[in-house]
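Please read the structure below before turning to the comments.
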Amino acid sequence: MAIIIDGNELSRKKREDIKEQAASFATRYSRPAGLAVVLVGEDPASAIYVRNKKKACENTGIRSFDYHLDVATGREELLSLVKQLNGDPEVDGILVQLPLPAHLDSQEILLAIDPGKDVDGFHPYNMGRLLTGEPTLVPCTPAGIMCMFREYQVELKGKDAVVVGRSNIVGKPMALLLMMEHATVTICHSRTRDLDRKVKAADIVVAAIGKPDLIRGSWIRDGAVVIDVGMNRTDAGLKGDVEFEEAKNHASLITPVPGGVGPMTITMLLDNTLRAAKSHVS
Ligand code: NDP
């Protein structure tokens, strides 16, 4: 039976550490680290994420600057806000909550963010640094998963890792981070053939798909480490991408949904903000 990775507990521990670092930053530089959170429109899920991020900032001594813009906000107005935040010395991190309304080009907006303030790690500069093996600000979800591997002393060197999903925010950066730790990585996606066979051969499985229970428990090799990024709202509540009840009989370590990867994502946002703040004063 697998050990269940406790993302809430790990997150609590890590936030304590961030809180101490944030306090000493504030004392040393006579200002708190600051995160600007920009929300355009009224998407209910985005509004919840933004609220949670703000609350997490308040609880760790990071100042949050809140920009809630009307759904009809135009390109020029949003770009001009980003420019203003890029130049604001009290703002260390800028987060533009995605998805943006359809009339706005997310890629253009993300490109406008100063890479040194890009605490989501989505700017091509930060992505490129990760690709070349010299990461700066790393996307929060995969960064949180790496933190889990460290905490639970998961050996990655030489292991066969399968990442299911190739998005820019999870799958691709996850694969790069695993490769940096010398895992042999296979990236799977919607056109992958024989997904079951690939998962069955993996020592480490990261599922970032967005389809409940797509990864069957019986595919998990005995002793494998299973990280479930999926967050799927179903009639039975929030579910992951992995068939947890069966998978936990095979895995050595597994994350639950909820209470696994999710809490660590916001924690790593705080971590990135503090990292950015330190780089701005050094
Ligand atoms: P995307 O929709 O951007 O990417 C999903 C990926 O899954 C794509 O690469 C897609 O392949 C692949 N895929 C879809 N269907 C299949 C299939 N049948 N077999 C194999 N691969 C498939 O999603 P995200 O990466 O943004 O998010 C993935 C999940 O993680 C979602 O549930 C999301 O809510 C959750 N999430 C959770 C976070 C957390 O903090 N816990 C943070 C971010 C995301 P293709 O590229 O070919 O289309």
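Every number for a ligand or one of its atoms is a count from 1 in the order of the listing.
Of the candidates His189, Met264, Lys172, Met174, His189 brings a heavy atom nearest to atom 21 (N) of ligand 1. When Ser167, Gly144, Ala208 are ranked by how near their heavy atoms come to atom 6 (C) of ligand 1, first place goes to Ala208. Ranked by closest heavy atom to atom 38 (C) of ligand 1, the top entry among Val229, Leu269, Asn168 is Val229. Of the candidates Pro142, Gly171, Ser190, the one placing a heavy atom closest to atom 17 (C) of ligand 1 is Ser190.
In summary, the atoms of ligand 1 found under 4.0 Å from a heavy atom of Arg191, numbered by their order in the structure, are 47 (O). Near Lys211, meaning under 4.0 Å from any of its heavy atoms, are these atoms of ligand 1: 14 (C), 15 (N). Near Leu214, meaning under 4.0 Å from one of its heavy atoms, ligand 1 places the atoms 18 (N), 19 (N).
With hydrogens and angles left out, the side-chain atoms of Gln84 and Asp88 include no donor and acceptor closer than 3.5 Å.
Not a single heavy atom of Cys188 sits closer than 4.0 Å to an atom of ligand 1. For the pair Thr192 and ligand 1, no heavy-atom separation below 4.0 Å is found.
The pair Arg75-Asp105 fails the salt-bridge criterion, with no side-chain N (NZ, NE, NH1 or NH2) lying under 4.0 Å from an Asp/Glu carboxylate O. Between Glu58 and Lys55, none of the side-chain N atoms (NZ, or NE/NH1/NH2) sits under 4.0 Å from a carboxylate O, so this pair counts as no salt bridge. Looking at Lys198 and Asp194, no side-chain N of the basic residue comes within less than 4.0 Å of a carboxylate O on the acidic one, giving no salt bridge.
When each of Arg31, Lys278, Arg63, Lys117 is paired with Asp92, the salt bridge (Lys or Arg N to Asp or Glu O under 4.0 Å) condition holds for Arg31 and for no other. Asp271 pairs with exactly one of Lys14, Arg15, Lys19 by the salt bridge (Lys or Arg N to Asp or Glu O under 4.0 Å) rule, that one being Lys14. Each of Val164, Val163, Asp160, Val162 was scored for a side-chain contact (heavy atoms from CB on, under 4.5 Å) with Thr186, with one residue passing: Val162.
Using a 4.0 Å cut-off between heavy atoms, Ile209 contacts ligand 1 through both its backbone and its side chain.
For atom 46 (O) of ligand 1, a protein heavy-atom neighbour is found at a distance under 4.0 Å.
Under a 3.5 Å cut-off, the side chain of His280 and the backbone N or O of Gly116 do form a donor-acceptor pair.
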